K.L.:
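Have a look at the structure that comes next, please.
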Amino acid sequence: MSEFKYEVLHECKQTGARIGRLTTPHGVIETPVFMPVGTMASVKSLSPEELVETGSQIILGNTYHLYLRPGSDIIEKAGGLHKFMNWDKPILTDSGGFQIFSLSSMRKITDEGAMFNSFLDGSKHFISPEKSMDIQRQLGSDIVMAFDECTASGTDYEKSREALERTLRWLDRCSKVDFKGKQMLFPIVQGNMFADLRLESLKRTIPYAKCGLAIGGLSVGEPKPVMYEMLDILKPHYPKDMPRYLMGVGSADCIVEGVVRGIDMFDCVLPTRVARNGTAMTFKGDITIRNAQFKDDFTPVEEGCDCYCCKNYSRAYIRHLINTDEIFGGRLLSIHNIHFLHRLVGQIKDAIRNDRLLDYRNEFFKNYEFRREQDKCLSEI
RNA sequence: GGGAAGAUUCCCGAGUGGCUAAAGGGAGCAGACUGUAAAUCUGCCAGCUUCGCUUUCGGUGGUUCGAAUCCACCUCUUCCCA
């Protein structure tokens with residue numbers, strides 16, 4: 001008996017974007033949702049209590065990294081990832097598929113699986129779909145991602161097709177595992193930047209999707225309009241009764257554009273990574289708090305933000321912390337950035353509820369300043 | 001009073017006749033970051049009218065085709081002995 005279900009509560013009349021409820025063994029997730037990434041069983045620098053305070057409902061963990069350290073058997077012995085890291089809300093684990101992409105210089109893929117040289121000590125490790133499922137079973141995550149092959153932007157048609165076919169063959173093997181209703185497998189759509197491959201991948205992936213599916217292989221270096229185009233192509237063909245998860249996205253603008261295009265779930269390292277590097281995400285765009293112009297700016301990071309960071313600290317103070325390599329600076333900006341994305345999603349939900357997401361989108365981009373010219377290209381809806 | 005060492009571009013610190021506007025580090029400034037090998041990485045960092053020119057290595061004056069580098073004196077700093 002599965003403990004999972006997804007209900008659509010409202011569909012925006014302007015865009016078809018939905019408000020929904022995804023029920024998992026560790027609680028209910030309201031969608032659309034942004035999921036902070038905690039690769040190593042920790043959303044870098046934040047405690048679970050702080051995460052909850054920012055409004056986080058679910059976080060990510062990573063199969064490959066946790067398998068290498070401390071070892072998935074240790075986590076199983078601890079009673080699972082939730083208990084190990086003191087997080088009792090839902091967890092989604094990535095399969096290690098993304099590491100095939102990001103650690104491409106030290107792996108070898110065959111149909112059987114992927115052979116990695118550990119970045120820790122160079123030792124060889126083999127991850128197959130079965131192995132990935134087994135590790136994720138040990139971790140005990142609520143949502144288990146299929147082991148897929150993610151390709152980089154610029155990969156040619158033939159290679160993209162091969163990766164797509166392999167991802168489907170691997171998916172079939174992943175789907176053989178019985179998680180006894182305690183964990184839910186999300187299959188992943190691939191196809192790089194080729195419309196026909198994307199559509200074919202979706203069509204052949206849907207039969208495996210029971211309570212959610214993911215779009216992978218986007219935001220891998222392609223221009224944003226290309227990503228939006230891929231999402232536009234897929235939009236009419238999703239099953240209605242499950243959430244769609246756009247993997248690895250993102251920035252505020254991509255989240256707005258994503259929801260408009262039918263996406264319900266997002267995850268990204270951006271808010272936490274960028275925070276540690278001295279950048280704040282705001283409704284007016286990214287602000288490099290590290291810059292000299294803020295040295296005597298005693299206003300909060302974002303006026304009107306009710307996060308712990310903005311309620312108590314100034315830009316000048318955070319700039320000082322960042323510039324003196326004080327960990328607290330990165331923590332404060334991480335808290336703000338994650339809270340900001342949750343707040344953004346909250347506004348998006350209000351707009352869906354009022355059937356005015358398209359209007360909201362236009363209002364959002366009126367205030368949002370892009371740093372780079374090439375990101376300004378708003379595509380047609 | 002005697003002896004020793006030394007003064008280098010914001011700081012520390014290489015450099016001991018041309019390849020030196022001067023290594024390296026730090027600081028400073030800026031940029032990047034999208035299923036995290038990232039509290040990381042990259043660029044700039046004497047000035048200018050920037051494919052070239054001008055001013056720089058404590059000061060002054062020499063030697064030399066050419067000096068941060070050699071010589072003389074001066075100023076200052078540190079250390080040791082009285």
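Worth knowing before you read on, the calculation uses all heavy atoms, side chains too, and leaves out hydrogens, waters and symmetry mates. No experiment lies behind these values; they were computed from the predicted model shown. Numbered from 1 within each chain, the chains take letters A, B, ... in sequence-line order.
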K.L.:
Would D267(A) and Y245(A) count as having a side-chain donor-acceptor pair, cut-off 3.5 Å?
P.N.:
yes
K.L.:
Which part of the nucleic acid, if any, lies within contact of I327(A), taking any heavy atom under 4.0 Å across all strands shown: a base, the sugar-phosphate backbone alone, or nothing?
P.N.:
base
K.L.:
Using a 4.0 Å heavy-atom cut-off across all strands, classify L120(A) as base, sugar-phosphate, or nothing.
P.N.:
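Here L120(A) touches no strand at all.
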K.L.:
So what does R319(A) hit on the nucleic acid, given a heavy-atom distance under 4.0 Å: a base, only sugar-phosphate, or nothing?
P.N.:
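Sugar-phosphate contact only.
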K.L.:
Among C33(B), A39(B), G35(B), find the nucleotide with the atom closest to the side chain of L270(A).
P.N.:
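Nearest to the side chain of L270(A) among the choices is C33(B).
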K.L.:
Does either side chain, that of T31(A) or that of Y6(A), offer a donor lying less than 3.5 Å from an acceptor on the other one?
P.N.:
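The criterion, which ignores hydrogens and geometry beyond distance, is satisfied for Y6(A) and T31(A).
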K.L.:
Is E326(A) touching bases, backbone alone, or none of the nucleic acid, heavy atoms closer than 4.0 Å?
P.N.:
nothing
K.L.:
Less than 3.5 Å between a donor and an acceptor, one on the side chain of T272(A) and one on the base of U36(B), is that the case here?
P.N.:
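A donor-acceptor contact between them is present.
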K.L.:
Between the side-chain atoms of D148(A) and the base atoms of G35(B), is any donor-acceptor pair under 3.5 Å?
P.N.:
yes
K.L.:
Counting side-chain heavy atoms from CB outward, which of G35(B), A39(B), A30(B) is closest to K44(A)?
P.N.:
A39(B)
K.L.:
Base, sugar-phosphate, or nothing for Q190(A), non-hydrogen atoms under 4.0 angstrom?
P.N.:
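Q190(A): base contact, heavy atoms under 4.0 Å.
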K.L.:
Ion pair present between E229(A) and K224(A), side-chain N to carboxylate O less than 4.0 angstrom?
P.N.:
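Not counted as a salt bridge, because no side-chain N and carboxylate O are separated by less than 4.0 Å.
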K.L.:
With no hydrogens and no angle check, just 3.5 Å: does a side-chain donor-acceptor pair link N117(A) and H125(A)?
P.N.:
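Note: N117(A) and H125(A) side chains miss the donor-acceptor criterion.
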K.L.:
Would you indicate what S118(A) reaches in the nucleic acid, counting non-hydrogen atoms under 4.0 angstrom: base, sugar-phosphate, or nothing?
P.N.:
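Touches nothing.
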K.L.:
For the residue pair R261(A) and Y228(A), would you count it as a cation-pi contact if the rule is NZ or CZ under 6.0 angstrom from the ring centre and within 45 degrees of the ring axis?
P.N.:
yes
K.L.:
Please tell me which of the listed nucleotides, A38(B), A30(B), G35(B), lies nearest to the side chain of C150(A)?
P.N.:
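In terms of side-chain proximity for C150(A), the closest of A38(B), A30(B), G35(B) is G35(B).
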K.L.:
Could you work out which one of A30(B), A39(B), G35(B) sits closest to the side chain of N291(A)?
P.N.:
A30(B)
K.L.:
Choosing from G35(B), C33(B), A37(B), which nucleotide comes nearest the side chain of N277(A)?
P.N.:
C33(B)
K.L.:
With a non-hydrogen cut-off below 4.0 angstrom, is G329(A) in contact with a base, only sugar-phosphate, or nothing?
P.N.:
nothing
